[in-house]
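Okay, structure first, notes after.
Residue numbers begin at 1 in each chain, while the letters A, B, ... track the order of the sequences.
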2 protein chains.
Amino acid sequence: MDIKIATEIGKCLSNPTRVQIMEWLKEPEKNFPPHETLQHFNDGVCVSYIQEKAGLSQSTVSTYLSNMEKCGLLVLTRYGKWSYLKRNEKIIQEYIDFIR
Amino acid sequence: MDIKIATEIGKCLSNPTRVQIMEWLKEPEKNFPPHETLQHFNDGVCVSYIQEKAGLSQSTVSTYLSNMEKCGLLVLTRYGKWSYLKRNEKIIQEYIDFIR
DNA sequence: CAAACATATCTATAATTACCGATATATAAA
DNA sequence: TTTATATATCGGTAATTATAGATATGTTTG
C-alpha cells in the first residue's frame with residue numbers, strides 16, 4: 001500500500017461516526033435489523049439503515065460511504081435500488097500491514 | 001481502545017507527512033543520520049531531525065509530534081534540551097486490534 | 001549570568017472538511 | 001407513465017485543520 005492511499009484511509013478513520021460505521025459493519029446482524037428484501041447480510045448493510053443508525057442527514061452519510069468505498073475500506077454492491085456496503089477485510093489488512 | 005482515542009489516532013494518520021513520520025520511525029538508522037550526543041536510537045529520533053526531513057516549519061512539526069504523542073502513537077523521552085520520539089508499538093497494536 | 005540552542009506554544013490566515021437542504025438520477029411499483 | 005423509494009451529487013455556510021512566524025520556555029555552554 002502506498003502512502004497516498006494510506007492517508008485517504010486515515011482521513012476516513014478521522015471522524016467518530018465513520019469509525020463507528022466500520023465497527024457496526026463488523027457485526028451487521030447484531031447492529032442492524034434484518035433486510036426486508038434480502039434474507040442475509042452477505043453483501044453488508046444498505047445505506048438507509050446505516051444512515052438511520054448514524055443519525056446524520058442522508059447526504060452526509062452517503063458522502064461518507066462513498067469516500068470509504070473509494071479508498072477501499074468498504075465494498076459496494078448494488079441490487080436494484082438498494083446499495084449494500086460491507087467491510088473490505090483485504091484492504092483493511094493491507095492498511096494494518098502498512099502501519100504496523 | 002475506545003472510539004474517541006481511535007478517532008484521534010485516525011486524525012494523526014490523515015495527513016501524508018504524519019504518516020510518513022510513522023514510517024520513518026520504523027527504521028531510524030536507515031532514515032536519519034546518527035545523533036551527535038547519543039550513540040543510538042533506543043528512544044527514537046530527535047525532533048530537529050524529523051523536522052529537517054519533513055521539510056515543514058519547526059512549529060508545525062512540533063505540533064504534529066505533540067499530537068501524535070498525546071494520542072499515544074509516539075513515546076516522548078527528554079534528555080536535557082533534546083526530545084526523542086519513537087513509535088509506541090503497544091498502542092499501535094491496540095489500534096490495529098480495534099479496527100480489524 | 002549571558003548567549004546559544006532545542007523545543008513548545010501563541011496568534012493569525014489559508015485551506016480543507018463537516019454537514020445540511022435542495023436537487024438529480026435510477027429503479028421499482030402502481 | 002406517473003409516483004414512490006433509495007441513493008448520489010450540488011451548492012452553501014460553519015467548523016476544523018494546516019501551516020507559518022513570532023515569541024516563550026527550558027537547557028546547556030561560555
Query raised in the report: Does CD in B:E89 sit with more than 12 non-hydrogen atoms of other residues, nucleotides or ligands closer than 6.0 Å?
Result: yes
Looking only at heavy atoms, the pair that brings B:C46 and B:W82 closest together is CB-CD1, 4.1 Å
Counted 5' to 3', the first and last nucleotides of DNA chain D within 4.0 Å (strictly under) of a heavy-atom of chain A are D:dT5 to D:dT9
Q.
Around atom CD of A:E36, are there more than 12 heavy atoms from other residues, nucleotides or ligands closer than 6.0 Å?
A. no
Residues in residues 68-85 of chain B with a heavy atom under 4.0 Å of DNA chain C, by number, are B:R78, B:K81, B:W82, B:S83
Of all heavy-atom pairs linking B:D2 and B:I5, the shortest is OD1-N, 2.9 Å
Heavy-atom contacts, protein to nucleotides 19-24 of chain C, under 4.0 Å, summarised as B (base), S (sugar-phosphate only) or - (none) per nt, yield BBBB--
Sorted by number, residues from residues 40-50 of chain B placing a heavy atom under 4.0 Å from DNA chain C are B:C46, B:V47, B:S48
Which class fits the ring pair B:W24 and B:F32: parallel under 30°, tilted 30 to 60°, perpendicular over 60°? perpendicular
Cut-off 3.5 Å, no hydrogens considered: what does the side-chain donor-acceptor table look like for residues 68-79 of chain B, sequence neighbours left out?
| unit_1 | atom_1 | unit_2 | atom_2 | d |
| --- | --- | --- | --- | --- |
| B:K70 | NZ | B:S66 | OG | 3.4 |
| B:Y79 | OH | B:D43 | OD2 | 3.1 |

One should read off an interatomic distance between A:I99 CD1 and B:M22 CE, to the nearest 0.5 angstrom, of 7.5 Å
Practice item. For the pair A:R18 (side chain) and A:K11 (backbone), establish whether a donor and an acceptor sit closer than 3.5 Å, ignoring hydrogens and angles. Key: yes
Residues passing the side-chain hydrogen bond (donor to acceptor under 3.5 Å, both in side chains) test with A:D97, sequence neighbours excluded, are A:Q93
Review point. Would A:K26 count as a cation-pi partner of B:F98, with NZ or CZ less than 6.0 Å from the six-membered ring centre and within 45° of the ring normal?
Key: yes
Looking only at heavy atoms, the pair that brings A:A54 and A:V61 closest together is CB-CG2, 4.1 Å
ask   = If we only count heavy atoms from C-beta on, is the A:M1 to A:I9 side-chain gap below 4.5 Å?
value = yes
